[in-house]
Number of protein chains: 4
Amino acid sequence: MLSLREQKTQKKKDDIVQSALQMIAEKGYHATTMEDIASNLLMTKGSVYYYFKNKQDLLFQSQKSLLEQSIRNIDDIMQKHLTTAEKLEETMAQHTDYLITERTGFGMGLRPEQFFEGGQLKDIIDLRDTYSSKIDSLIAIGIEEGSFHDVDITIVRNIIVGAMNYVIEWYSPEGTWSQATLARSISSYLKLILVKD
Amino acid sequence: MLSLREQKTQKKKDDIVQSALQMIAEKGYHATTMEDIASNLLMTKGSVYYYFKNKQDLLFQSQKSLLEQSIRNIDDIMQKHLTTAEKLEETMAQHTDYLITERTGFGMGLRPEQFFEGGQLKDIIDLRDTYSSKIDSLIAIGIEEGSFHDVDITIVRNIIVGAMNYVIEWYSPEGTWSQATLARSISSYLKLILVKD
Amino acid sequence: MLSLREQKTQKKKDDIVQSALQMIAEKGYHATTMEDIASNLLMTKGSVYYYFKNKQDLLFQSQKSLLEQSIRNIDDIMQKHLTTAEKLEETMAQHTDYLITERTGFGMGLRPEQFFEGGQLKDIIDLRDTYSSKIDSLIAIGIEEGSFHDVDITIVRNIIVGAMNYVIEWYSPEGTWSQATLARSISSYLKLILVKD
Amino acid sequence: MLSLREQKTQKKKDDIVQSALQMIAEKGYHATTMEDIASNLLMTKGSVYYYFKNKQDLLFQSQKSLLEQSIRNIDDIMQKHLTTAEKLEETMAQHTDYLITERTGFGMGLRPEQFFEGGQLKDIIDLRDTYSSKIDSLIAIGIEEGSFHDVDITIVRNIIVGAMNYVIEWYSPEGTWSQATLARSISSYLKLILVKD
DNA sequence: GATGAATGAGGGTTCATTCAT
DNA sequence: AATGAATGAACCCTCATTCAT
């Protein structure tokens, strides 16, 4: 149980992570300066260094936070009483929805080797793999049950992830579809690759 | 008809564009320095500026070249005597193959607003739109013929483009599949969204 | 009323402006590097950019500061109880003295169109005009009083300004005259163009 | 007597010198590139290097040419049958006229130490001194004759030179005065410093 | 905890200069 | 004689990072 001070510190860290995620989504990692991240929160960049060792560290925490949230999302869905096909659809819809809301495609869309190395790279890749394997096992179950076609799991999973991540490149709030409708729509099309009638 | 000297100049420009595309695919735009691009071709930074006004201009030319090639590719396919479904599959396979070969997902994968403005942005968006509309019309024909399901064209096109672009994030030459097999495989799965049995 | 910190900041800015003025007077604008200006004050280049947006901005502030000081000088003289001829002589002497002390002929001696554009150019030209018109009105008063010859004001003013600005090109501290004597001497000769016996 | 080829070479050199003078007058020395000077003559910068060792050399030749012309001008005037006062006025008018026509204040207006060193500096200073001493001796003769006031020659000469050089800073072809009228006007005012009624 | 200030490494860009053709 | 091409040094500027207060 955290003390009040620790809670405040944690809150501040979360805010900075959110700010970083947001700016990076808008401008890209290298074009985002510590100044951008800080002034977005009305603080000075000096302060950010009180909470994070350096920009790299902040990037790492942000990325990690994003992946962990995605994993929690999928875990929640797995708990529900749904058919495998429904679980898959729900997973895709939620992921899409999450990306649009956070307006960050940073999560899975970029090659971690470009940004991380050593232990950090390993951690990120592990989290990605954890996430991927949860989707994979969903697909595997569907195949085993006979409700899914007998596809190559890796390829199909990457098709799904690619299509979902791409949504932030073209979705516009001013467009035809609401966020939820779009998320639903995309996942229903992707389902066609897998699910038998 | 170009003189010998003009041909050499053109060749050099093309080389630099290729080098830029390659480095940007590997490290991202901002992390790629003019020095990187030049030394990759055993030239000096200064020489690159003989051929391109600045980094922005080089980026623009690179992007443009990539999109124009993609458009030529799809135009070629349209000429062939194939069913609509076959044309679509061919388009997808070729695009995937092209991305893997060039090792650049830069083509359609990034938001042009992050990198371009003014006339350049307009040019790039126009080229993207041209490319998109060619896929769209392929889908529209399929629907009209009755060989494709009656889908929302924009959404399905973006699913397809997203899935294809994502391939360079995860494809590894050392992996299970050959480049051609993979391209074929992805497009055959994506086809399921559209094509009736 | 400025806080202590603000005062320090202002002092630093003033120091940098002085340093810039001095280096530019010695070497010319283009030959003066930000490094020169900074190391002259035992700071690093980077620090200068904390106080000024860029070299152009620093140049502009410097020029402005110089002109504003000149205008203040002439205003002070106008307040004094002197004859018009004495005021003119005092103005010329003070201007000459100021130029020699600051060792910068940059003030009025260069064409602003070479260095400024847009709003900056307008500001500088306005300040120049303000300064010029103050000399002009001094001459006009003398003419009206009948103590000055009926000359073309613009031409005579430019002769005076030109002669005064030129002094920094040839004055040498090691020479025959003291700074004050020279300033006095030049202005007494120039007076001959205007003042009746 | 020069061969045809040598004449052509000399002509080309003169053209380049003129071009350099013109560009430098417009933009200043450092802001003028070899490219500017060359393209102004529809040649490439490589060619300029065929005629001049380097930019410094070109600057030196240009400056020298300007000063030599000024000296020739004053020598011509000395030959004429005119009073000393008329010779002085003619000298001033011609110098002013020359500066406006060539649109270069570079001649005497800048400190040679900023641009030259060693033998070049010595040559330029010698030429300047030659020019100055010719004006000085004109003034000295006037004083001796009794037609000029007994002034400090150096100071008055510098006043005159300063006022004349400054004209290119403010003269505008679109203005009230024609070039010749202005030259005449300035010199008649300056005469007042020296000439007795 | 926060911040104003300073720093230095690194990257984009310009341009005088050289050289092969 | 002329030029296209290449080079590298120098310069402006940005920004992650540090630190005293």
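Everything numeric here is computed off the predicted structure, so don't read it as measured data. A note on names: the letters A, B, ... follow the listed sequences, proteins ahead of strands, and every chain is numbered from 1.
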To the nearest Å, give me how far apart [atom1] ([X]) and [atom2] ([N]) are.
X: D/Phe52; N: F/dA1; atom1: CZ; atom2: P; answer: 14 Å
X: A/Gln56; N: F/dC15; atom1: CD; atom2: P; answer: 17 Å
X: D/Ile24; N: E/dA16; atom1: CD1; atom2: P; answer: 11 Å
X: D/Leu41; N: F/dT3; atom1: CG; atom2: P; answer: 11 Å
X: A/Leu58; N: F/dC15; atom1: CG; atom2: P; answer: 16 Å
X: D/Met34; N: F/dA2; atom1: CE; atom2: P; answer: 14 Å
X: A/Asp57; N: F/dA16; atom1: CG; atom2: C1'; answer: 13 Å
X: B/Lys55; N: F/dC13; atom1: NZ; atom2: P; answer: 18 Å

Dot-bracket, DNA chain F: Watson-Crick or G-U, under 3.5 angstrom, [ ] crossing, | other strand? .||||||||||||||||||||
Taking only the side-chain heavy atoms of B/Tyr49 (C-beta and beyond), determine which of F/dC15, E/dG12, F/dT17 contains the nearest atom.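 So the side chain of B/Tyr49 is nearest to E/dG12.
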Show each protein N/O and nucleotides 4-8 of chain F N/O combination with a separation under 3.5 Å, one pair to a line.
{"unit_1": "F/dA5", "atom_1": "OP1", "unit_2": "B/Thr9", "atom_2": "OG1", "d": "2.4"}
{"unit_1": "F/dA5", "atom_1": "OP2", "unit_2": "B/Tyr50", "atom_2": "OH", "d": "2.9"}
{"unit_1": "F/dA6", "atom_1": "OP1", "unit_2": "B/Lys12", "atom_2": "NZ", "d": "3.0"}
{"unit_1": "F/dA6", "atom_1": "OP2", "unit_2": "B/Tyr51", "atom_2": "OH", "d": "2.4"}
{"unit_1": "F/dT7", "atom_1": "OP2", "unit_2": "B/Thr44", "atom_2": "N", "d": "3.3"}
{"unit_1": "F/dT7", "atom_1": "OP2", "unit_2": "B/Thr44", "atom_2": "OG1", "d": "3.2"}
{"unit_1": "F/dT7", "atom_1": "OP2", "unit_2": "B/Ser47", "atom_2": "OG", "d": "2.6"}

Anything under 30° is parallel, anything over 60° is perpendicular, the rest tilted; go ahead and classify A/His30 against B/His30.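 If you compare the ring of A/His30 with that of B/His30, the planes turn out tilted.
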Set out, in order, the CA-CA distance, both residues' side-chain angles and the distance that settles side chain to side chain contact (heavy atoms under 4.5 Å, CB included) for C/Phe116 and C/Lys122, then state yes or no. CA-CA 8 Å; C/Phe116 303 107; C/Lys122 193 184 167 324; over 6 Å; no
Any side-chain donor near an acceptor of the partner, [X] and [Y], under 3.5 Å:
X: D/Asp57; Y: D/Gln61; answer: yes
X: B/Gln120; Y: B/Gln56; answer: yes
X: D/Asp14; Y: D/Gln18; answer: no

So with a 6.0 Å cut-off around CD of A/Gln69, is the heavy-atom count from everything else above 12?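 Enclosed.
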Between B/Gln114 (side chain) and A/Ala25 (backbone), is there a donor-acceptor pair under 3.5 Å?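 The answer is yes, because a donor-acceptor pair under 3.5 Å joins these two groups.
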Judged by atom type as modelled, is there a donor-acceptor pair below 3.5 Å linking the side chain of D/Glu6 to the main-chain atoms of D/Ser3?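 Present.
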Looking at residues at least two apart in the chain, or sitting in another chain, which of them share a side chain to side chain donor-acceptor pair (under 3.5 Å) with C/Asn40?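 Per chain and number, C/Asn40 pairs via side chain to side chain donor-acceptor pair (under 3.5 Å) with C/Ser19.
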